[in-house]
Participant: 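Submitted below is the structure of interest, expressed as structure tokens.
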Amino acid sequence: MDDVEIDWQLLADTFLEEAKEILAAMETLLMALEATPGDHELLNALFRAAHTLKGSAAMVDYRRVGEVAHHLEGLLQRLRSRDLVASSEVVSVLLQSVDVLREAIRRDRQQDATPHPEAEALKERIAALSQEGEGSPAPHAAPADRSGRLARVSRTLRVDVAKLDRLLDLSGEISVARGRFGSLLEAGEAPSLEELLAAHRESDRLYLDLQELIISARMVPIGPTFKQHLRTVRDLARAIGKQARLELEGETTEVDTAVVEHVRDPLLHMVRNSLDHGIEPPEVRRARGKDPCGVVTLRAFHEAGSIVVEVEDDGGGLPRGRIAERGRELGLVRDVDGLSDQEVQRLVFEPGFSTTEEVTDISGRGVGMDVVRRNVESLRGAVDVRSEEGKGTTFTMRLPLTLAIIQGFKVGIAGDTYIVPLDAVVECLELPAGAERGATGFFPLRGKPLPYLRLREHFGVAGAPPERENVLVVRHGAAVAGLAVDVLEGESQSVIKPLGALFHGLPGISGSSILGNGRVALILDVAGLLRELHRRSDGGAVRAAEARA
């Protein structure tokens with residue numbers, strides 16, 4: 001990859017915009033933390049922000065920023081583990097850290113090599129605080145409302161002039177069609193049904209053309225995002241005493257610009273994870289008959305209306321025994337021997353999971369893959385992992401091509417309509433007579449048990465269910481389960497509308513849409529619903545579903 005040209009200025013400008021957003025969000029979160037010092041979700045959000053900033057700084061060689069962020073991570077980890085209380089003094093130090101990070105960004109940007117006394121003083125204060133923590137543990141508190149706290153930055157997109165010309169032409173054609181339709185309605189004589197249908201079909205065709213062109217204008221190749229990690233692999237491999245190179249496949253694959261923005265953090269965490277945990281040291285690779293220089297591959301391709309992004313390494317693979325034992329220690333699993341390879345591998349996505357005993361500036365704090373899962377699922381996507389010990393690991397993200405429109409399947413519960421993403425739907429069937437009437441249950445499907453969640457019970461809908469209930473069989477990753485509903489209404493294309501601040505964090509809901517009749521339909525979060533089914537059934541339902549898959 002030595003012949004690949006990298007626009008370092010563009011990369012640095014992107015980092016500066018993202019860092020500005022992260023630091024603004026951290027300030028808001030810290031103010032909320034001072035009001036609710038026991039809010040663990042606030043601490044997790046702060047920790048993820050610091051971790052992301054540190055990784056991005058390493059990518060553009062902003063060493064002072066990375067060093068300060070690393071010390072900040074250590075203090076936040078003490079708070080997360082409840083070894084330290086988030087007192088006003090601690091919050092003051094954290095706020096000072098944000099100020100020092102801003103100054104460090106300025107110095108690194110200007111390549112200012114003069115001493116930075118504020119950073120040295122901050123390190124001493126953090127070291128002093130980290131030696132404390134003898135007092136009582138931090139109290140638990142309900143999560144505070146954190147809606148609207150992320151600072152927004154201006155975003156730009158380059159669009160081919162030919163596409164803009166076509167947009168202008170389409171707007172003219174739509175104006176003509178609109179005038180024709182209005183003339184029909186205002187005519188002295190009532191228009192015939194055939195005339196109205198013809199006018200509607202013409203308007204509908206133009207609307208679909210416009211929608212397709214707008215989506216096309218938002219599509220950008222994923223190659224530039226991939227290329228940002230060339231130096232990450234080079235510098236990080238040298239820092240940890242390994243040899244590795246990055247290979248790119250599918251650089252011309254196009255995806256919605258909003259998806260690209262949201263996929264940067266997951267990619268960074270997975271690449272760093274592959275280097276730290278996957279690629280072996282050169283001497284180990286030689287002993288195993290491998291090239292001493294490991295390979296990390298970033299791959300993208302379209303498949304069934306989605307974009308698939310893979311991060312593959314030819315390292316040592318995931319250590320099944322160590323992961324299973326660590327899962328048992330953390331209380332994530334009970335029967336270690338009864339776990340399938342797939343179940344063991346997916347433990348790496350659990351919050352706080354890490355098999356590394358030594359904490360470094362790269363890993364060991366149990367953060368990273370949890371960020372990946374959260375970010376991908378927030379995009380209505382899924383992330384999975386497959387690994388073979390001694391041969392390597394592949395992380396796979398499956399994401400929608402666009403975040404603005406969803407192909408959905410409508411279902412009804414007590415007169416209300418809900419929308420399930422169509423790419424998660426496997427099949428529809430009738431709930432067998434005599435099925436359990438509770439919130440969860442099982443019924444046989446082609447000789448195997450299928451767990452299901454009754455949405456009427458999950459959402460607390462009043463009234464008795466109808467005599468005939470239906471089941472929408474859905475899949476997320478490897479998990480397959482059923483959603484019991486009153487009515488199956490069929491497929492539809494829906495424009496996604498964000499939920500208001502009051503509804504953020506509702507379990508099982510990811511957004512909303514306006515129906516043709518003007519009513520609001522909630523879009524269901526399949527991943528969240530399957531986690532709820534897992535929780536209510538203590539994991540047995542989902543394990544049975546995954547075994548079925």
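These numbers were taken from a predicted model, which means no experiment stands behind them.
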Participant: Any chance you could measure Ser175, atom OG, to Leu206, atom CG, to the nearest 0.5 Å?
Facilitator: 11.0 Å

Participant: Is the number of heavy atoms from other residues, nucleotides or ligands under 6.0 Å of Glu430 CD greater than 12?
Facilitator: yes

Participant: Quick check: closest heavy atoms across Leu399 and Gly381, and the distance to 0.1 Å?
Facilitator: CD2-CA, 4.4 Å

Participant: Using the rule given for side chain to side chain contact (heavy atoms under 4.5 Å, CB included), can you reason through Val485 versus Glu469, listing the C-alpha separation, both sets of side-chain angles and the distance that settles it, and then say yes or no?
Facilitator: CA-CA 6 Å; Val485 299; Glu469 292 182 272; over 6 Å; no

Participant: Tell me, with the steps shown, if Arg398 and Glu303 meet salt bridge (Lys or Arg N to Asp or Glu O under 4.0 Å).
Facilitator: CA-CA 9 Å; Arg398 189 174 299 273; Glu303 183 179 86; 2.7 Å; yes

Participant: Are Phe442 and Leu450 side-chain neighbours, meaning at least one heavy-atom pair lies under 4.5 Å?
Facilitator: no

Participant: How about Val311 and Thr396: do any of their side-chain heavy atoms sit closer than 4.5 Å?
Facilitator: no

Participant: If every non-hydrogen atom of Glu489 is compared with every non-hydrogen atom of Gly412, which pair is closest and at what distance?
Facilitator: OE2-CA, 3.7 Å

Participant: Side chain of His302, backbone of Glu254: donor and acceptor closer than 3.5 Å?
Facilitator: yes

Participant: Measuring from atom CG of Leu208 to atom CD of Gln493, what distance do you get when rounded to the nearest 0.5 angstrom?
Facilitator: 7.0 Å

Participant: Any chance you could measure Leu164, atom CG, to Asp169, atom CG, to the nearest 0.5 Å?
Facilitator: 11.0 Å

Participant: Distance check, rounded to the nearest 0.5 Å: Ile22 atom CD1 versus Lys54 atom NZ?
Facilitator: 13.0 Å

Participant: Is any side-chain heavy atom of Leu23 closer than 4.5 Å to one of Met26?
Facilitator: yes

Participant: How long is the straight-line distance from CZ of Arg454 back to CG of Leu483, given to the nearest 0.5 Å?
Facilitator: 12.0 Å

Participant: Working note: Val480 + Val474, criterion side chain to side chain contact (heavy atoms under 4.5 Å, CB included); need CA distance, chi angles, decisive distance, verdict.
Facilitator: CA-CA 6 Å; Val480 180; Val474 295; over 6 Å; no

Participant: Between the side chain of Ser171 and the main-chain N/O of Leu168, is any donor-acceptor distance below 3.5 Å?
Facilitator: yes

Participant: With distance as the sole test, does Asp313 use its side chain to make a donor-acceptor pair with the main-chain N or O of Gly392 at under 3.5 Å?
Facilitator: no

Participant: Which heavy atom in Thr253 sits nearest to a heavy atom in Ala300, and how many Å separate them?
Facilitator: OG1-O, 3.2 Å

Participant: Would you compute the distance between atom OG1 of Thr225 and atom CD of Glu261 and round it to the nearest 0.5 angstrom?
Facilitator: 9.5 Å

Participant: Considering non-hydrogen atoms only, spot the tightest contact between Gly408 and Ile419 and give its length.
Facilitator: CA-CG2, 3.8 Å

Participant: Is a side-chain N or O of Ser274 found less than 3.5 angstrom from the main chain of Met270, in a donor-acceptor match?
Facilitator: yes

Participant: Is the backbone N or O of Glu195 less than 3.5 Å from a side-chain atom of Ser192, with the two atoms forming a donor-acceptor pair by type?
Facilitator: yes

Participant: How far apart are the C-alpha atoms of Phe443 and Tyr452, what are their side-chain angles, what is the distance that settles it, and do they pass the ring pair (Phe, Tyr, Trp, His ring centres under 6.0 Å) test?
Facilitator: CA-CA 8 Å; Phe443 68 86; Tyr452 67 89; 5.8 Å; yes

Participant: Less than 4.5 Å apart, side chain to side chain, heavy atoms only: is that true for Asp314 and Lys391?
Facilitator: no

Participant: Given the rule in the salt bridge (Lys or Arg N to Asp or Glu O under 4.0 Å) test, do Glu18 and Arg264 qualify, once you have shown the distances and angles that lead to the verdict?
Facilitator: CA-CA 11 Å; Glu18 292 180 347; Arg264 285 195 181 103; 3.5 Å; yes

Participant: Which pair of heavy atoms, one from Val376 and one from Ala382, lies closest together, and at what distance?
Facilitator: CG1-N, 3.5 Å

Participant: Determine whether Leu298 and Leu267 satisfy the following criterion, side chain to side chain contact (heavy atoms under 4.5 Å, CB included), listing intermediate values before the conclusion.
Facilitator: CA-CA 9 Å; Leu298 293 183; Leu267 270 180; 4.0 Å; yes

Participant: For atom NZ of Lys163, is the number of surrounding heavy atoms from other residues, nucleotides or ligands below 6.0 Å larger than 12?
Facilitator: yes

Participant: May I ask you to say whether Glu251 pairs ionically with Arg299, meaning some side-chain N is under 4.0 Å from a carboxylate O?
Facilitator: no

Participant: Can you find a heavy atom in the side chain of Thr297 that is under 4.5 Å from one in the side chain of Val295?
Facilitator: yes

Participant: Within a radius of less than 6.0 Å around CZ of Arg178, do more than 12 heavy atoms belonging to other residues, nucleotides or ligands occur?
Facilitator: no

Participant: Which one of Val425, Val471, Asp486, Leu488 satisfies the side-chain contact (heavy atoms from CB on, under 4.5 Å) criterion with Val411?
Facilitator: Leu488

Participant: Test Arg519 against Asp416 for side chain to side chain contact (heavy atoms under 4.5 Å, CB included), laying out the working first.
Facilitator: CA-CA 9 Å; Arg519 298 188 65 182; Asp416 291 327; 3.1 Å; yes

Participant: Can any side-chain N or O of Arg456 pair as donor or acceptor with the backbone N or O of Gly463 at less than 3.5 Å?
Facilitator: yes

Participant: Test your reading of the model: is there a side-chain donor-acceptor pair from Ser183 to the backbone of Gly179, 3.5 Å cut-off?
Facilitator: yes

Participant: Regarding Asn470 and Arg468, is there a side-chain donor-to-acceptor distance under 3.5 Å anywhere?
Facilitator: yes

Participant: Does Leu455 reach the side chain of Leu524, with side-chain heavy atoms less than 4.5 Å apart?
Facilitator: yes

Participant: Measure the shortest side-chain to side-chain distance between Ile523 and Val420 over non-hydrogen atoms and say whether it is less than 4.5 angstrom.
Facilitator: no

Participant: Using side-chain heavy atoms (C-beta onward) and a distance below 4.5 Å, is Leu318 in contact with Glu388?
Facilitator: no

Participant: Quick test of your reading of the model: are Glu427 and Arg446 salt-bridged, counting only N-O distances below 4.0 Å?
Facilitator: yes

Participant: Please find the pair of heavy atoms, one from Thr257 and one from Val220, that lie closest to each other, and give the distance.
Facilitator: CA-CG2, 4.0 Å

